[in-house]
Amino acid sequence: DNAVLAVFGDFDPVSVTREIRKKFSGLSKGKPLLKEFQESPPQKTREKIVAMDKEQAVVMMGFQAPVLKDGDRWAMEVIDAVLGSGLSGRLFVKVRDELGKAYTVGSDYTPGMDAGILSLFVLTTEDKIDTVKGILTRQAQALVAEDVTDEEINSAKAYLKGTFKMGLDTPAALASLTALNELYGLGYNFHKDFDARINAVTKKDIRRVARKYLD
């Protein structure tokens, strides 16, 4: 009752269906108990310091973000790309300009079923930790305070659509994505509308979602 099987490639549907029935028809049915996770947004900024025996330091900043089925997800995808899309992302440019070095830097948005997270990260040195914190904070505040530029939003959208297509260049990748989308209740062909959803995001959407989550 909570299983999805995807088959992609050049195959004979009749023989494959026969094999699937032979291998899986003996599975017993039953309603799985799926736990749900919910966490209220933090009422104030929380900070955690972990000491490790390394020369490098890692500064990370995290925000709650839209979940998988939230309409705000698409604006957050574009925000993530504006901040962390390779050498043109705001974080890389600001870290390079202010610190004079091209540290490992970026952002990552994960829209989970029960919780979403946007994380910003910079690998730096211990003496630069406070400077990096300031950079990350100002970049979050900038998205709240003013609209992104035409160049930024167009570049971010092109980056997202290009990397998404590159990630679906094998039958295995397609099988994995479609099976998960079906399992999540989005539908197996949900990925076909990815470009349209990204294209529909406006500057106003980005500002609104930034105000809602990047507080």
- Message: Can you confirm whether Lys157 is buried at NZ, in the sense that more than 12 heavy atoms of other residues, nucleotides or ligands lie under 6.0 Å from that atom?
- Response: yes

- Note on the structure: Smallest heavy-atom separation, Asp205 atom then Ala75 atom, equals O-CB, 4.0 Å

- Task: Give a yes or no on whether the backbone of Lys94 and the side-chain of Asp97 come within a donor-acceptor separation of less than 3.5 Å.
- Result: no

- Task: Calculate, to the nearest 0.5 Å, the distance between atoms CE and CG belonging to Met60 and Leu123 respectively.
- Result: 9.5 Å

- Message: Closer than 3.5 angstrom, by distance alone: can the side chain of Arg90 be matched with the main-chain N or O of Gly84 as a donor-acceptor pair?
- Response: no

- Query: Going by atom types alone, do Thr178 and Asn181 pair a side-chain donor with an acceptor below 3.5 Å?
  - Reply: no

- Does the side chain of Gln64 come within less than 4.5 Å of Glu39's, by heavy atoms? yes

- What heavy-atom pair brings Pro32 and Asn2 nearest, and what distance separates the two atoms? CG-CB, 3.4 Å

- Task: Kindly indicate whether the side chain of Leu83, heavy atoms from C-beta on, has any atom under 4.5 Å from the side chain of Tyr109.
- Result: no

- Query: Going through the checks in order, is the side-chain contact (heavy atoms from CB on, under 4.5 Å) test met by Tyr184 and Leu68?
  - Reply: CA-CA 9 Å; Tyr184 296 151; Leu68 193 68; 3.3 Å; yes

- Message: According to side chain to side chain contact (heavy atoms under 4.5 Å, CB included), who are the partners of Leu174, at least two apart in sequence or on a separate chain?
- Response: Phe8, Leu168, His191

- Item | Approximate separation, where rounding is to 0.5 Å, of Gln141 CD and Asp215 CG | 11.0 Å

- Message: Would you say that Glu19 contacts Val16 through its side chain, given a criterion of any heavy-atom pair below 4.5 Å between the two side chains?
- Response: no

- Task: Kindly compute the distance separating CG (Asp72) from CD1 (Ile206), expressed to the nearest 0.5 Å.
- Result: 12.0 Å

- Should Leu186 and Met113 be counted in the same cluster of Ile, Leu, Val, Met, Phe, Trp and Tyr side chains packed under 4.5 Å apart? yes

- Query: Do the side chain of Asn189 and the main chain of Lys192 share a donor and acceptor less than 3.5 angstrom apart?
  - Reply: no

- Message: To check you understand the geometry: which heavy-atom pair defines the closest contact between Ala175 and Ala6, and what is its length?
- Response: O-CB, 3.5 Å

- Message: If you define the side chain from C-beta out and look only at heavy atoms, does anything of Gln139 sit under 4.5 Å from Met61?
- Response: no

- Tracing side-chain contacts under 4.5 Å among Ile, Leu, Val, Met, Phe, Trp and Tyr outward from Leu33 reaches none

- Task: Kindly work out whether a path of hydrophobic side-chain contacts (I/L/V/M/F/W/Y, heavy atoms less than 4.5 Å apart) joins Val148 to Ile135.
- Result: yes

- Do Ile20 and Val7 have side-chain heavy atoms sitting under 4.5 Å apart? yes

- Message: Tell me whether Asp114 is salt-bridged to Lys35, with the criterion being a basic N under 4.0 Å from an acidic carboxylate O.
- Response: no

- Task: Please round to the nearest 0.5 Å and tell me the distance separating atom CG of Leu183 and atom CG of Leu5.
- Result: 12.0 Å

- Nearest 0.5 Å, what's the CE-OG distance between Met76 and Ser107? 10.0 Å

- Query: Should the ring pair Phe194 and Trp74 be called parallel, tilted or perpendicular, given that the plane angle runs from 0 to 90° and is split at 30 and 60?
  - Reply: perpendicular

- Task: Before giving the answer on side-chain contact (heavy atoms from CB on, under 4.5 Å), spell out for Asp195 and Lys165 the whole-Å C-alpha distance, their side-chain angles and the decisive distance to 0.1 Å.
- Result: CA-CA 10 Å; Asp195 283 10; Lys165 286 184 176 68; 2.5 Å; yes

- How many angstroms lie between atom CG of Asn154 and atom CD of Glu151, to the nearest 0.5 angstrom? 8.5 Å

- Task: Answer yes if Phe121 and Ile79 sit in the same cluster of Ile, Leu, Val, Met, Phe, Trp and Tyr residues linked by side chain heavy atoms under 4.5 Å apart, and no otherwise.
- Result: no

- Does the side chain of Val132 reach to within under 4.5 Å of the side chain of Val95, using non-hydrogen atoms? no

- Query: Are Leu99 and Phe92 connected, step by step, through hydrophobic side chains (Ile, Leu, Val, Met, Phe, Trp, Tyr) whose heavy atoms are closer than 4.5 Å?
  - Reply: yes

- Message: Determine whether Asp80 and Leu118 satisfy the following criterion, side-chain contact (heavy atoms from CB on, under 4.5 Å), listing intermediate values before the conclusion.
- Response: CA-CA 8 Å; Asp80 179 38; Leu118 175 72; 3.9 Å; yes

- Check against side-chain contact (heavy atoms from CB on, under 4.5 Å), Arg197 and Arg73: CA-CA 10 Å; Arg197 290 185 172 93; Arg73 168 188 172 184; over 6 Å; no

- Task: Step through the shown structure and confirm whether more than 12 heavy atoms of other residues, nucleotides or ligands are within 6.0 Å of CG on Asp1.
- Result: yes

- Task: State yes or no: do Val58 and Val122 share one hydrophobic cluster built from I, L, V, M, F, W and Y residues joined by side-chain heavy-atom distances below 4.5 Å, directly or via other members?
- Result: no

- Task: Using salt bridge (Lys or Arg N to Asp or Glu O under 4.0 Å) as the criterion, point out the one residue from Arg208, Lys203, Arg207 that pairs with Asp147.
- Result: Arg207

